[in-house]
2 protein chains.
Amino acid sequence: MQNSFTEENYLKIIHALSGREGLEVSTNALAESTSTRAASVTDMLRKLAEKGLIHYKKYQGVRLTESGEKVAINVIRKHRLWEVFLVEKLGFGWDEVHDIAEELEHIASDHLVERLDSFLGHPRFDPHGDPIPDAKGNLTEPDYLILTDVAIGEKVRMMGVLDHAPSFLQHLDRAGITLGCILEIKEINEYDKSASVQIGDKQTLFISLEVSKNLLVQRR
Amino acid sequence: MQNSFTEENYLKIIHALSGREGLEVSTNALAESTSTRAASVTDMLRKLAEKGLIHYKKYQGVRLTESGEKVAINVIRKHRLWEVFLVEKLGFGWDEVHDIAEELEHIASDHLVERLDSFLGHPRFDPHGDPIPDAKGNLTEPDYLILTDVAIGEKVRMMGVLDHAPSFLQHLDRAGITLGCILEIKEINEYDKSASVQIGDKQTLFISLEVSKNLLVQRR
DNA sequence: AAAAAAATTTAGATTAACCTAAAAATTGAT
DNA sequence: ATCAATTTTTAGGTTAATCTAAATTTTTTT
Ligand SMILES: [Mn+2]
Ligand SMILES: [Mn+2]
Ligand SMILES: [Mn+2]
Ligand SMILES: [Mn+2]
């Protein structure tokens, strides 16, 4: 039997919330992420456990099974490949593609995913810097730094974002911060903990702590 | 409020069954096409009428309203554009794309449809020769002939198919009959009403009446 | 114009995914 | 260790889309 959109969304969210350590995810955390009530989550958990997609013992939180993990990663693969398509081929901005990909990620055909992947040239990362699982389901999270962990004077390369909200991405666009650009922390301003950051070889701007916390970078 | 996948499918099917004359469609015809029971169709018709998408009087069949027609044509536009994408960009065969397009046609974003249309170069016809409605919702069915209406000795161009079943399309592939190719009726065989047809400037084959009835062609 | 047949609608259920309110279990704080 | 707070589950409903069986309306045939 096929998994419904709803089931796929639960699995994807459990994957995201359990992190790389595969920790237990709580009912309330799922209720929050799915915008439903805890009672509804409990119903769905019973169903997913029934189907062998999660490990679930009452009152103890959930983890994905091997089989649930496979489904979740496949959905993530499709989501990210479609985002690449939308940006690279159709010319959408990185701030416009998430919601459309939320729909496209549920299109079923495996044949389609593999052809799309070829058409796009087997991209390794999506437009937000997130890694794309390969066809076998291998997903390796690169370990980037958060900009707040970078010392004054260091030059780093912008590799991804933690916040995917359109408003955040548009803010980065206005600041001229794009994937791959070089950032240098000139100083940390005492007053509001903002950073003065040189972007590429262009001007230096104040970057709020809020923004720095959501920027993933790499030393070079 | 948004229309569900199910509602969109009903509207699309009502459009197809009512033909270019916009005739009334019966409950049973819809039950057949949707693979549901007549009682279920009646429920849905009440809902669609409620939403102003169809004209419906009990026991009298249904027609689309202006508003229902707009929705139906938009779904058809998306279906056919996605089919072009799958064949032209991803390299699928014309026999492989219908079921995938049945899913893709329900992706909501108007912005996406318009960008896809541009990316594909504003195609006028889908891989089966069916016309693609324009962005304003204009859909003009070209009036092709059916191959059975072509006289012996006439040369015609193959323009489309009436049957979209993969097995039929694969049969045409094996016979070398593709969209745009030239066909000449050499004779009609008395025994089984099959036609001897020359395909392009290649060999002459027997084409069964069953096949001829499903081929759309144009005089030249 | 009846009667018979066919088509359609109504009545009453079912399933998935949600809800609120109440009960039960776990966790945390004295 | 006990009590209070928090979390989670259970109980009992709702809505959309389906179903079967029965009732009703329309159509066709005698
Ligand atoms: Mn996304
Ligand atoms: Mn992304
Ligand atoms: Mn099709
Ligand atoms: Mn088609």
Side-chain angles (χ1 to χ4, degrees), chain A residues 1-15 17-19 23-64 68 71-72 75 102-103 105-108, chain B residues 1-19 23-64 68 71-72 75 102-103 105-106 108:
Chain A
M1 199 191 320
Q2 264 289 122
N3 304 304
S4 69
F5 284 24
T6 308
E7 289 167 342
E8 288 190 351
N9 284 332
Y10 269 86
L11 295 172
K12 189 181 56 162
I13 290 170
I14 294 168
H15 179 90
L17 294 179
S18 65
L23 300 172
E24 313 272 318
V25 177
S26 76
T27 300
N28 269 354
L30 283 168
E32 167 86 40
S33 287
T34 55
S35 304
T36 60
R37 298 319 182 105
S40 309
V41 172
T42 301
D43 283 349
M44 181 56 77
L45 294 183
R46 198 126 46 64
K47 176 150 62 129
L48 293 173
E50 197 75 32
K51 293 178 91 173
L53 295 165
I54 59 173
H55 295 292
Y56 173 54
K57 275 161 297 172
K58 280 203 276 188
Y59 296 100
Q60 314 241 142
V62 288
R63 279 177 307 107
L64 295 175
V71 175
V75 174
E102 284 291 305
E103 296 186 56
E105 72 188 8
H106 302 292
I107 304 291
Chain B
M1 200 191 316
Q2 264 290 122
N3 305 305
S4 68
F5 283 24
T6 309
E7 289 167 342
E8 288 189 351
N9 284 332
Y10 269 86
L11 295 172
K12 188 182 54 162
I13 290 169
I14 293 168
H15 178 91
L17 294 179
S18 64
L23 300 172
E24 313 271 318
V25 177
S26 74
T27 300
N28 269 355
L30 283 167
E32 167 86 39
S33 287
T34 55
S35 303
T36 60
R37 299 318 183 107
S40 309
V41 172
T42 301
D43 284 348
M44 181 57 76
L45 294 183
R46 197 126 45 63
K47 177 151 59 131
L48 292 173
E50 198 75 33
K51 293 178 90 173
L53 296 164
I54 59 173
H55 295 292
Y56 172 54
K57 274 161 298 172
K58 281 204 272 189
Y59 295 99
Q60 315 241 141
V62 288
R63 279 177 305 109
L64 295 175
V71 175
V75 174
E102 284 291 305
E103 297 186 56
E105 73 190 6
H106 302 292

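Proteins come first, then strands; the chains are lettered A, B, ... in the order of their sequence lines, and each starts at number 1. Just the heavy atoms: all of them, side chains too, but no hydrogens, waters or symmetry mates, feed the values below.
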TODO: Do nucleotides 22-27 of chain D as a string where each nucleotide becomes B, S or -: B if the base has a protein heavy atom under 4.0 Å, S if just the sugar-phosphate does, - if no protein is that close.
DONE: --BSS-
Test side-chain hydrogen bond (donor to acceptor under 3.5 Å, both in side chains) applied to [X] - qualifying residues, sequence neighbours left out:
{"X": "B:Ser4", "result": "none"}
{"X": "A:Ser26", "result": "none"}
{"X": "B:Ser18", "result": "none"}
{"X": "A:His15", "result": "none"}

Task: Inter- and intrachain pairs under side chain to side chain donor-acceptor pair (under 3.5 Å), touching residues 52-63 of chain A, at least two apart - done: A:Glu24-A:Arg63
TODO: Convert the base pairs of DNA chain C into dot-bracket notation, remembering that pairs crossing earlier ones are written with [ ] and that bases paired across to another strand are shown as |; include only Watson-Crick or G-U pairs under 3.5 Å.
DONE: ||||||||||||||||||||||||||||||
Is the shortest heavy-atom distance from the side chain of [X] to the side chain of [Y] under 4.5 Å?
{"X": "B:Asn3", "Y": "B:Leu53", "answer": "yes"}
{"X": "B:Lys51", "Y": "B:Glu7", "answer": "yes"}
{"X": "A:Asn9", "Y": "A:Glu105", "answer": "yes"}
{"X": "A:Leu11", "Y": "A:Leu64", "answer": "yes"}
{"X": "B:Tyr10", "Y": "B:Ile54", "answer": "no"}

TODO: Could you tell me whether A:Phe5 contacts a base, only the sugar-phosphate backbone, or nothing, with contacts defined as non-hydrogen atoms closer than 4.0 Å?
DONE: nothing
Task: Whichever of B:Val41 and A:Tyr10 has its nearest DNA chain C nucleotide further upstream toward 5' - done: B:Val41
Rounded off to whole Å, could you give me the [atom1]-to-[atom2] distance for the [X] and [N] pair?
{"X": "A:Leu45", "N": "D:dT10", "atom1": "CG", "atom2": "P", "result": "11 Å"}
{"X": "A:Lys57", "N": "D:dT9", "atom1": "NZ", "atom2": "P", "result": "13 Å"}
{"X": "A:Arg46", "N": "C:dC18", "atom1": "CZ", "atom2": "P", "result": "15 Å"}
{"X": "B:Asp43", "N": "D:dT20", "atom1": "CG", "atom2": "C1'", "result": "13 Å"}

Taking only N/O atoms, report every protein-nucleotides 14-16 of chain D pair under 3.5 Å with atom names and distance.
none

TODO: Just jot down the salt bridge (Lys or Arg N to Asp or Glu O under 4.0 Å) partners of B:Glu103, sequence neighbours excluded, or say none.
DONE: none
Can you give each donor-acceptor pair under 3.5 Å made by side-chain atoms of residues 32-40 of chain B, sequence neighbours left out, with the distance rounded to 0.1 Å?
unit_1: B:Ser33; atom_1: OG; unit_2: B:Ala29; atom_2: O; d: 3.4
unit_1: B:Thr34; atom_1: OG1; unit_2: B:Leu30; atom_2: O; d: 2.6
unit_1: B:Thr34; atom_1: OG1; unit_2: B:Ala31; atom_2: O; d: 3.4
unit_1: B:Thr34; atom_1: OG1; unit_2: B:Thr36; atom_2: OG1; d: 2.9

Task: Strand contacts (DNA chain C) in residues 27-40 of chain B, 4.0 angstrom heavy-atom criterion - done: B:Thr27, B:Asn28, B:Ala38, B:Ala39
Task: OP1 or OP2 of C:dT8 under 4.0 Å from side-chain N/O of B:Tyr56 - done: no
- [ ] May I ask you to decide if the ring planes of A:Phe5 and B:Phe5 are parallel, tilted or perpendicular, using 30° and 60° as cut-offs?
- [x] perpendicular
